[in-house]
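Following: one structure in structure tokens, then a few remarks.
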Amino acid sequence: MKRYISDLHFFSEKVMKYMDHRPFSSTKEMNEYMISQWNDTVKGGDQIFVLGDMFDWRYVEDAEAINHVLHRLKGRLHLICGNHDFGWINRPGIDRDRFVWIDSMREIEDGNRKVIMNHFPMPVFGGNHLHLKDGSPMIWDLYGHVHDTEEARFIYDIQKMGAGRKITLASGATEPMTCNMINCFCMYSDYRPLSLDAWIELHHNREER
């Protein structure tokens, strides 16, 4: 199964305390909880796509500490680099072989749908108006970076604005300007990497609230 998650920020005390207000007394407690939630969800053969900011290099003492976490996580790992990843991923001693691939952006097939993965939100992309026979979107953009901040709510406002507008297709037909984007912020899923369908359900439930 393909699963997705973003912005774990292992080891980051500042993100834990001030940006996200995560309910942990220490980064050690946070790390252990995130590893437990991950491994309780993921099966050994699952493909996990981390959409950036997996570690925060400013708060990790050495490559061995990063490798220790990497080797405890189940699944086949893939990394979309976020703005906090470039400081650790090229550090001497990091086991890059733990990842199937490392990229800044990637498109994959997930069942009968296409998934565009990037760290930064992208409201408009090629084919975002395409739908399957059941009317559901054919292409989704999965992203991270904005956590659950005012930046995130700004992106959600853009999505609402888009839904109230019309676009004209090359065929001359018009339809709502949908932005099929999902913020895969780890706290939304209680630090569990989720399938595309599970993220879509979470996304719609959050929109309703």
Any donor and acceptor pair, going by atom type alone, linking the side chain of R72 with main-chain N or O of N39 inside 3.5 Å?
no

Going from OH on Y4 to CG on L142, what distance comes out if it is rounded to the nearest 0.5 angstrom?
6.0 Å

R3 and side chain to side chain contact (heavy atoms under 4.5 Å, CB included): which partner among D46, V50, L196?
D46

Which heavy-atom pair separates C81 from F86 by the least distance, and what is that distance?
CB-CZ, 3.6 Å

Side chains of M181 and I155 in contact at under 4.5 Å (non-hydrogen atoms)
yes

Atom pair CD1/OG of I182 and S6 - distance to nearest 0.5 Å
12.5 Å

If two hydrophobic side chains count as joined below 4.5 Å and joins carry through other members, does M54 share a cluster with V100?
yes

Between W199 and S189, is the side chain to side chain contact (heavy atoms under 4.5 Å, CB included) condition met? List the steps.
CA-CA 8 Å; W199 275 116; S189 64; 3.7 Å; yes

Mind running side-chain hydrogen bond (donor to acceptor under 3.5 Å, both in side chains) on D134 and S136 for me, showing each step along the way?
CA-CA 6 Å; D134 64 2; S136 62; 2.6 Å; yes

Are any of the side-chain heavy atoms of R113 and P137 separated by less than 4.5 Å?
no

Check the angle between the aromatic planes of F49 and W101 and answer parallel, tilted or perpendicular using the 30° and 60° thresholds.
tilted

Could you report the tightest heavy-atom contact between D95 and F99, atom names first, then the distance?
O-CD1, 4.5 Å

Which heavy atom in T27 sits nearest to a heavy atom in S12, and how many Å separate them?
CG2-C, 3.9 Å

Residues that H147 engages under ring-ring contact (aromatic ring centres under 6.0 Å, His included), provided they are two or more places apart
H9, F185

With no hydrogens and no angle check, is any side-chain donor or acceptor of H131 less than 3.5 Å from a backbone partner on M138?
no

How far apart are the closest heavy atoms of E29 and P23, and which atoms are they?
OE2-O, 4.4 Å

Please step through side chain to side chain contact (heavy atoms under 4.5 Å, CB included) for the pair Y143 and M122, ending with a clear verdict.
CA-CA 8 Å; Y143 67 93; M122 187 167 59; over 6 Å; no

Main-chain N/O of G82 paired to D85 side chain as donor or acceptor, under 3.5 Å:
yes

N/O donor-acceptor pair under 3.5 Å between K114 side chain and I139 backbone:
no

NE2 of H145 to CG of D53: how many Å apart, nearest 0.5 Å?
7.5 Å

For a quick test of reading the model, state the closest non-hydrogen atom pair linking A152 to N183 and the distance between them.
CB-ND2, 4.2 Å

With sequence neighbours excluded, tell me which residues meet side-chain contact (heavy atoms from CB on, under 4.5 Å) with D190.
Y33, Q37

Quick check: is Y156 connected to L51 through a chain of hydrophobic side chains (ILVMFWY, heavy atoms under 4.5 Å apart)?
yes

Under a 4.5 Å side-chain heavy-atom rule over Ile, Leu, Val, Met, Phe, Trp and Tyr, are L130 and I116 clustered together?
yes

Taking the side chain as everything from C-beta on, heavy atoms only, tell me whether D148 gets closer than 4.5 Å to R153.
yes

Let me check something: do M1 and L77 share a hydrophobic cluster, defined by ILVMFWY side-chain heavy atoms less than 4.5 Å apart, either directly or through other members?
no

Taking the side chain as C-beta and beyond, is there a heavy-atom pair between R192 and V42 under 4.5 Å?
no

Residues in side-chain hydrogen bond (donor to acceptor under 3.5 Å, both in side chains) with E64, at least two apart?
none

Of the non-hydrogen atoms in A63 and P92, which two are nearest, and what is the gap between them?
CB-O, 3.6 Å

Considering residues at least two apart in sequence or located in another chain, which fulfil the side-chain contact (heavy atoms from CB on, under 4.5 Å) criterion with T168?
T174

Would you check if the side chain of W38 reaches a backbone N or O of K74 as a donor-acceptor pair within less than 3.5 Å?
yes

State yes or no: do L202 and I200 share one hydrophobic cluster built from I, L, V, M, F, W and Y residues joined by side-chain heavy-atom distances below 4.5 Å, directly or via other members?
yes

Supply the atom-to-atom distance M30 CE to S25 OG, rounded to the nearest 0.5 angstrom.
11.0 Å

With a sphere of 6.0 Å drawn around CD of E201, does it hold more than 12 non-hydrogen atoms of other residues, nucleotides or ligands?
no

Tell me, please, which residues at least two apart from M161 pass side-chain contact (heavy atoms from CB on, under 4.5 Å).
R165

Mind checking ring-ring contact (aromatic ring centres under 6.0 Å, His included) for W88 and listing every partner two or more places apart, or none if nothing turns up?
F55

Do the side chain of R22 and the main chain of V15 share a donor and acceptor less than 3.5 angstrom apart?
no

Working note: F10 + I35, criterion side chain to side chain contact (heavy atoms under 4.5 Å, CB included); need CA distance, chi angles, decisive distance, verdict.
CA-CA 10 Å; F10 282 102; I35 292 170; 3.9 Å; yes

How long is the gap from CZ on F125 to CH2 on W140, to the nearest 0.5 Å?
8.5 Å

Gap separating the CD1 atom of I80 from the CZ atom of R106, nearest 0.5 angstrom:
7.0 Å

Where the side chain of D7 meets the backbone of G144, is there a donor-acceptor pair that is under 3.5 Å apart?
no

Side chain proximity check, D20 to M187, heavy atoms < 4.5 angstrom
yes

pair M117-D103: side-chain heavy atoms closer than 4.5 Å:
no

